[in-house]
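The model shown is predicted, which means the values in this text are computed figures rather than measured ones. The analysis underlying the following values was restricted to heavy atoms, covering all of them including side chains, and did not include hydrogens, waters or symmetry mates. Residues: numbered from 1 along the sequence shown.
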Amino acid sequence: MGPVQTVNFITALNLPTVSITTLKSREREIGKTLEEYAKWSGQKALEKEIALRKIPDTTANIAGNEETEVDGQDAIHVSFDGAWQKRGSGRCYNSLTGHATLLGETTGKCVNFGLKYGDCRKCDHVDEKGDGHDCRINHQGSAKSMESELAVQMVKDIQKTGCVVSNITMDADSTTIARLRKEVNAEIMKFSDRNHVRKKVSRDLIGLQEKHKISMNVVNYLTKDFSYALSQNKGNPENLRKVLKSIIPHAFGDHILCDKTWCQYHKNPDTYKHKSLPYGKNLTGEELRNELNKLFDIYASNSEKLSHLGSSQGNESLNNMIALKAPKAKHFGGSESLAFRVASGVAQKNEGRSYITEASNSKDK
Ligand SMILES: [Zn+2]
Ligand SMILES: [Zn+2]
């Protein structure tokens with residue numbers, strides 16, 4: 001958000017029109033309100049996440065076998081992702097600012113967010129040091145450690161409220177989960193992103209192309225079946241295992257293991273044709289079938305883990321929303337501006353467009 005957009009924003013808040021020069025202090029004032037509002041919105045989302053998980057038949061509990069409590073405490077599943085703004089200027093900086101979000105699995109809303117500042121533009125000027133400015137520096141270590149520090153801090157915050165984070169979906173490096181287990185919750189489980197598994201299956205299949213004649217059509221067909229099985233059997237490892245074991249035989253025209261709910265062969269065995277395989281024909285070749293079976297058996301034997309795969313796509317879309325509000329090229333990271341923009345992204349994600357008027361009303365209370 002540049003100055004012009006900011007003026008529009010302020011106009012939307014029904015505040016007296018201001019000149020660009022006084023904008024910064026105004027922005028600060030509005031920003032503070034927004035930050036408080038976003039924090040409140042996150043707490044509300046956390047309460048809703050806990051409440052919804054207790055209702056059977058919500059998405060997260062569709063199989064009815066997910067724990068909603070750990071040692072008598074409420075337990076939730078979250079997804080985590082962060083984004084980093086590199087700060088560049090005339091002088092060369094290696095420092096970074098970073099922000100990260102935690103989304104509840106059931107509601108998809110942001111239950112916590114955090115920011116890391118490795119430096120401060122005002123502190124860089126000797127004459128402004130110690131002038132009582134709103135200094136946000138809260139990170140001393142390397143830029144690389146920001147991600148794990150944010151994850152630790154945000155999960156800790158949530159657990160302080162008496163709710164256990166039993167499960168985290170993320171694409172972060174192994175340091176992050178190691179630190180979470182060491183510093184916050186030794187039992188926390190990590191689920192990787194469903195998209196990454198889909199890509200891995202596709203790569204595995206492409207790897208078979210060296211030895212076997214399988215077209216990209218077939219690769220895509222099997223990958224699609226695989227990811228459909230994953231999305232349909234969330235929280236249901238036993239059924240996922242069955243479906244994964246039937247996909248290859250099905251493609252080769254052997255439907256004994258197929259479930260009638262998705263395999264159309266059983267409706268019309270005589271006229272059945274595969275919709276997405278070349279010419280509707282069965283795959284052929286003993287050796288290919290064995291290799292494909294071997295590959296899918298590996299995934300089937302990991303069905304427990306696979307059935308619990310979450311997705312951090314929601315975090316990514318929120319990060320994109322924040323990136324639009326805080327273009328990296330404009331180096332907002334160096335001041336508290338980024339905090340305000342993260343807060344407004346969170347508010348928009350959780351409360352929708354109405355957050356602008358709601359935040360301004362909460363200011364008058
Ligand atoms: Zn400072
Ligand atoms: Zn079948």
Side-chain angles (χ1 to χ4, degrees), residues 38 41-71 73-83 100-114 147 150-172 176-177 180-181 184-185 187-198 227-237 239-240 302-321 345-346 348-352:
S41 169
Q43 280 161 10
K44 207 176 67 171
L46 177 60
E47 283 163 26
K48 199 171 173 199
E49 179 72 28
I50 294 168
L52 266 184
R53 276 188 65 81
K54 291 185 175 169
I55 305 170
D57 301 331
T58 48
T59 333
N61 293 329
I62 206 133
N65 60 358
E66 281 195 65
E67 77 290 344
T68 56
E69 282 186 8
V70 172
D71 298 331
Q73 282 187 298
D74 295 318
I76 60 163
H77 292 182
V78 297
S79 57
F80 167 85
D81 196 23
T101 52
L102 279 187
L103 304 192
E105 184 188 69
T106 314
T107 55
K109 298 209 172 194
C110 180
V111 295
N112 203 359
F113 59 94
E147 183 171 52
L150 275 170
V152 164
Q153 186 188 311
M154 293 196 300
V155 173
K156 225 181 226 170
D157 276 355
I158 295 214
Q159 298 216 148
K160 265 188 211 151
T161 69
C163 159
V164 177
V165 176
S166 60
N167 211 300
I168 189 161
T169 294
M170 60 182 175
D171 189 25
T176 305
I177 191 69
L180 279 168
R181 287 189 179 134
V184 194
N185 174 1
E187 306 288 315
I188 195 167
M189 305 242 279
K190 180 195 165 182
F191 294 146
S192 48
D193 194 298
R194 220 184 295 160
N195 263 328
H196 292 277
V197 181
R198 191 178 54 81
S227 67
Y228 185 72
L230 274 196
S231 64
Q232 292 300 301
N233 292 286
K234 228 184 142 194
N236 195 345
N239 205 51
L240 177 62
N302 281 296
S303 64
E304 178 71 44
K305 214 169 147 192
L306 291 173
S307 71
H308 285 105
L309 285 183
S311 164
S312 55
Q313 259 167 357
N315 298 73
E316 271 172 53
S317 84
L318 175 54
N319 284 339
N320 289 342
M321 205 197 287
V346 169
Q348 190 176 328
K349 171 100 183 165
N350 284 1
E351 314 292 335

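For Thr161, the side-chain contact (heavy atoms from CB on, under 4.5 Å) partners are Leu46, Cys163, not counting sequence neighbours. In terms of the side-chain contact (heavy atoms from CB on, under 4.5 Å) criterion, residue partners of Gln232 (sequence neighbours excluded) are, by chain and number, Tyr228. Asn239 meets the side-chain hydrogen bond (donor to acceptor under 3.5 Å, both in side chains) test with Asn233; sequence neighbours excluded. Taking the side-chain hydrogen bond (donor to acceptor under 3.5 Å, both in side chains) definition, one finds that Gln153 meets it with Lys116, sequence neighbours left out. In this structure, Ser303 has no side-chain hydrogen bond (donor to acceptor under 3.5 Å, both in side chains) partners at least two apart in sequence or on a different chain. Residues passing the side-chain hydrogen bond (donor to acceptor under 3.5 Å, both in side chains) test with Ser41, sequence neighbours excluded: Asn350, Glu351.
Among all heavy-atom pairs drawn from Ser317 and Gly314, the shortest one is OG-O, 3.2 Å. Nearest heavy atom pair, residue Ala45 against residue Cys110, reads CB-O, 3.6 Å. Closest approach of Asn315 to Ser79, counting heavy atoms only: OD1-OG, 2.5 Å. Heavy-atom minimum distance, Lys349 versus Leu318: CB-CD1, 3.9 Å. Across all their heavy atoms, Asn167 and Ile188 have their closest contact at N-CG1, 4.1 Å. Across Val78 and Leu102, no two heavy atoms sit closer than the pair CG2-CD2, 3.9 Å.
Using a 4.5 Å heavy-atom cutoff, the side chains of Leu180 and Met170 are in contact. Annotation: side chain of Ser166 is not in contact with side chain of Met189 (no heavy-atom distance under 4.5 Å). The closest side-chain heavy-atom distance from Leu230 to Arg198 is not below 4.5 Å. The closest side-chain heavy-atom distance from Asn319 to Asp81 is below 4.5 Å. Under the 4.5 Å side-chain criterion, counting only non-hydrogen atoms from C-beta, Arg53 is in contact with Glu105.
Annotation: the span from Thr101 atom OG1 to Phe80 atom CZ amounts to 8.0 Å, rounded to 0.5 Å. Atom CD1 of Ile168 sits about 11.0 Å away from atom NE2 of His77, to the nearest 0.5 Å.
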